[in-house]
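Since the structure is predicted, the reported quantities are computational estimates derived from the model, not experimental observations. Letters go in sequence order (proteins before strands), and every chain restarts at 1.
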Number of protein chains: 2
Amino acid sequence: MLKKTKTRELIKNLLKNSSSPLSAQDIFNLLKDQNITLSSIYRTLDTFYKNNIVSKESSHDNTIVYSISGDNHKHYLECKICHKTIDLGFCPYHKVNEQIFKKHKFLVNEHNVIIYGICDNCNTTTTK
Amino acid sequence: MLKKTKTRELIKNLLKNSSSPLSAQDIFNLLKDQNITLSSIYRTLDTFYKNNIVSKESSHDNTIVYSISGDNHKHYLECKICHKTIDLGFCPYHKVNEQIFKKHKFLVNEHNVIIYGICDNCNTTTTK
DNA sequence: CTTGTAAATGCGAATAATTCGCATTTAGGA
DNA sequence: TCCTAAATGCGAATTATTCGCATTTACAAG
């Protein structure tokens, strides 16, 4: 079972309310008046990850960012060229995950919050 | 335009033939008799990424791993507990990507090769 | 086939990200 | 209230990634 601590509550709330995935360093900066160490943040995120409370992925600059999992998680389209993001507003993977569960009895944890690609604007600009 | 070099061809072939995503260090180890630097490998992977030749994601131990993109790319289910992988054998995201393109004119680059979750075996074992 | 030049690479150092060890504190069950 | 395993702070160690600069190379132009 998971102990309820100040550090964990703070980090979970940050992630719940954030409109984008956060790195350990991001969280550290946001909590810098709270006397919480970077190593604790890393450990907390790791614990959350193992308990399926958060998902993680590589951001475009190669740091790892975390998002809250669960029912009302979000998804973003991020352009690899201009890095603008579009809030998808829904999870496009529900059906896929159900199919995977039916076929393989494999329970997918929601993740892959950032969906990378090329936005309309960059596409028409670069191919012209 | 992208120059054709020995380093690039070697790395591309490795990724094409690999049955799992590879880290920069993995590639370095596999090519250690070829006199290629780690920094070149990083630069090459970065170039490939920007040109949509490879996709990248965070592996379970927080290093970044790369996979070849394109028509015959693969997908794997990886259990967060035992780390066993299952080859999905097809891309479950084609339809989703098409829908996203229709709605947002956003061209998703294939990625998210590793799909994390809990496998049947670990699930029945841990919940018992 | 030569030559010029921008791009790619090797090398090694610098930086940034992540993990670890250990002493201290704390949550929560007994 | 007490006990103990788990969580945290602190700082050092390790690992991953990036950078600067000199040298080499792909390839387009002549």
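You'll find that the side chain of A:Arg8 is closest to D:dA7, out of D:dA7, C:dC11, C:dC20. Among the nucleotides C:dT19, D:dT18, C:dA27, the one closest to the side chain of A:Thr5 is C:dA27. The side chain of B:Met1 has D:dA28 as its nearest neighbour among D:dG9, C:dA8, D:dA28. Counting only heavy atoms from C-beta on, A:Ser40 has its side chain closest to D:dT8 among D:dT8, C:dA8, C:dA27. Checking C:dT9, D:dT18, D:dA5 against the side-chain heavy atoms of B:Ser39 singles out D:dT18 as nearest. Distance from the side chain of A:Arg43 is smallest to D:dG9 among D:dG9, C:dT18, C:dT9.
Atom CG of A:Asn62 and atom C1' of D:dA16 are 10 Å apart (whole Å). At whole-Å resolution of the value, CD in A:Glu57 and C1' in C:dA17 are 17 Å apart. Taking atom OH of A:Tyr49 as the reference point, atom P of C:dT18 lies 14 Å away to the nearest angstrom. Atoms NZ (B:Lys56) and C1' (D:dT17) sit 11 Å apart, rounded to a whole Å. Counting to the nearest Å, the C1' atom of C:dC20 and the CG atom of B:Asp61 are 16 Å from each other. Going from atom CD1 of A:Ile64 over to atom P of D:dT17 covers 8 Å, rounded to whole Å. The separation between B:Phe28 atom CZ and C:dG10 atom P is 10 Å, rounded to whole Å. Atom NZ in B:Lys4 sits about 17 Å away from atom C1' in D:dA28, given to the nearest Å.
Residues A:Val108 and A:Glu98 form no side-chain contact, since every pair of their non-hydrogen atoms from C-beta on lies 4.5 Å or further apart. With a 4.5 Å cut-off on side-chain heavy atoms, B:Asn52 and B:Ser69 do not count as touching. Within the 4.5 Å cutoff, side-chain heavy atoms of B:Thr44 are placed close to those of B:Phe48.
Between B:Thr7 and C:dT9 there is a side-chain N or O to OP1 or OP2 distance below 4.0 Å. Distances shown here put every side-chain N or O of B:Tyr42 at or beyond 4.0 Å from the OP1 or OP2 atom of D:dT18. A close approach under 4.0 Å does occur between a side-chain nitrogen or oxygen of A:Thr44 and OP1 or OP2 of D:dT8. For the pair B:Asn35 and C:dG10, the criterion of a side-chain N or O lying under 4.0 Å from OP1 or OP2 is not met.
With ring centers used as reference points, A:Tyr93 lies 6.0 Å or more from A:His111.
Summary of the strand contacts: B:Leu38 and B:Lys3 both lie near DNA chain D, and taking for each the nucleotide with the nearest heavy atom, the more 5' one is attributed to B:Leu38. Mapping B:Thr37 and A:Gln25 onto DNA chain C by nearest heavy atom places B:Thr37 closer to the 5' end of the strand.
Surrounding CG of B:Asp33 are more than 12 heavy atoms belonging to other residues, nucleotides or ligands, all under 6.0 Å away.
In the helix from C:dC1-D:dG30 to C:dA30-D:dT1, the rotation axis of the first five pairs and that of the last five pairs differ in direction by 50°, rounded to 10 degrees.
Cation-pi contact between A:Lys56 and A:Tyr49: present, with separation from the ring centre below 6.0 Å and deviation from the ring axis of at most 45°.
With A:Asn51 contributing its side chain and A:Ile53 its backbone, the two residues share no donor-acceptor pair below 3.5 Å.
Considering all non-hydrogen atoms of both residues, A:Glu78 and A:His60 come closest at OE2-CD2, 3.1 Å.
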